[in-house]
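Count residues from 1 along the sequence.
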Amino acid sequence: MKKKLLLEVYDFLGDNVMLTSIIKNLSEQYNDKYEIGVLTEKFKDVYKNNPNVNFDINLKNKDIFIKRFGYFNKHDFYADYGHSIFGFKRHIEEKLGIEIFIKDMNCDIHLYNDEKENRFGNYWVLNAGFMNNILVKHYPHDKFEQVVKLLEGKIKFVQVGTGVYH
């Protein structure tokens, strides 16, 4: 019988988007062992339509609960060894006593059909925000502007996030 695994992540957009990659890899490798739910208030839409997320799993019916992991615990230590996705991977591995092989680091966002028919054509999302405690994410705003200007006419950008997140 599958165990109901509930993951709670800090309410930061980037953390939730990266978690979709781990959920996809975890689900593909351990689909016979875990059903995965996510506990988040602000970013439920990140997981909508995701076939690897069971929205019926909650605090009352979960078998395993991995509470509030992210940048404020061992994640910084783990992420020092590579991309932040590996911080999430190692944290979940430690809690579940398993190994997750990262086959695909792409985030796993599922849109509704009407959302797929976007009126703007192809675009990149640029998050120009950063957190004070994660130095690797500090990149001057004028540098973002240089990137946008350099690619003007080739790529459309949508900017999300501004300033410093505490």
Side-chain angles (χ1 to χ4, degrees), residues 2-31 34-73 75-76 78-79 83-92 95-96 100 102-134 136-137 139 141 144 147-148 151 155-166:
K2 290 184 183 183
K3 293 196 177 202
K4 293 179 180 178
L5 170 62
L6 183 61
L7 302 174
E8 180 184 33
V9 66
Y10 282 96
D11 275 333
F12 300 121
L13 178 60
D15 287 10
N16 280 273
V17 170
M18 285 189 296
L19 183 59
T20 64
S21 174
I22 297 302
I23 289 172
K24 180 179 179 182
N25 285 277
L26 178 62
S27 182
E28 287 174 354
Q29 294 162 46
Y30 294 96
N31 190 39
Y34 303 105
E35 286 183 76
I36 304 165
V38 177
L39 182 61
T40 182
E41 288 302 314
K42 290 183 183 177
F43 299 108
K44 291 178 184 176
D45 282 351
V46 168
Y47 304 97
K48 70 181 178 186
N49 296 328
N50 191 322
N52 300 310
V53 175
N54 180 339
F55 293 97
D56 294 328
I57 298 174
N58 57 52
L59 286 169
K60 293 180 182 172
N61 67 6
K62 75 348 185 170
D63 296 312
I64 304 167
F65 181 44
I66 300 181
K67 183 179 167 93
R68 293 215 89 148
F69 64 94
Y71 288 111
F72 301 106
N73 51 34
H75 182 274
D76 282 338
Y78 291 142
H83 193 281
S84 295
I85 286 175
F86 290 101
F88 288 105
K89 167 192 166 339
R90 290 183 183 105
H91 188 84
I92 292 173
K95 295 292 185 184
L96 297 179
I100 304 168
I102 302 297
K103 296 178 185 175
D104 181 356
M105 285 181 58
N106 293 327
C107 298
D108 192 35
I109 308 294
H110 298 261
L111 303 175
Y112 289 113
N113 285 334
D114 62 334
E115 291 173 321
K116 291 178 187 176
E117 299 172 12
N118 107 54
R119 297 176 202 110
F120 306 108
N122 292 329
Y123 60 89
W124 287 2
V125 176
L126 178 73
N127 184 348
F130 60 88
M131 297 178 70
N132 279 331
N133 64 330
I134 305 171
V136 72
K137 287 188 168 188
Y139 193 65
H141 283 251
F144 281 112
V147 169
V148 171
L151 297 171
I155 298 170
K156 294 179 186 175
F157 287 92
V158 173
Q159 182 175 341
V160 298
T162 58
V164 180
Y165 304 121
H166 301 281

Distance from [X] atom [atom1] to [Y] atom [atom2], nearest 0.5 Å?
X	Y	atom1	atom2	answer
Leu19	Glu8	CG	CD	11.5 Å
Glu35	Lys62	CD	NZ	15.0 Å
Leu6	Asn61	CG	CG	8.0 Å
Ile22	Cys107	CD1	SG	9.5 Å
Tyr47	Asp108	OH	CG	11.0 Å
Lys24	Asp104	NZ	CG	4.5 Å

Do [X] and [Y] touch side chain to side chain, with heavy atoms closer than 4.5 Å?
X	Y	value
Ile36	Ile57	no
Asp15	Met18	yes
Val38	Asn50	no
Asp63	Tyr34	no
Phe43	Val9	no
Asp56	Lys4	no
Phe86	Met105	yes

More than 12 heavy atoms of other groups within 6.0 Å of Lys48 NZ: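 Yes.
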Could you check whether atom NZ of Lys42 has more than 12 heavy atoms from other residues, nucleotides or ligands sitting under 6.0 Å from it?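 Count not over threshold, so no.
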Checking side-chain contact (heavy atoms from CB on, under 4.5 Å) for the pair Ile23/Leu7: CA distance, chi angles, key distance, verdict? CA-CA 9 Å; Ile23 289 172; Leu7 302 174; 4.1 Å; yes
Closest approach of Val46 and Asn16, non-hydrogen atoms and distance?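 Looks like CG1-O, 3.8 Å.
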Do you know which two heavy atoms are closest between Asn25 and Lys103, and how far apart they sit?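 Shortest heavy-atom contact: OD1-N, 2.9 Å.
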Walk me through it: do Asn31 and Lys2 pass the test side-chain contact (heavy atoms from CB on, under 4.5 Å)? CA-CA 8 Å; Asn31 190 39; Lys2 290 184 183 183; 3.4 Å; yes
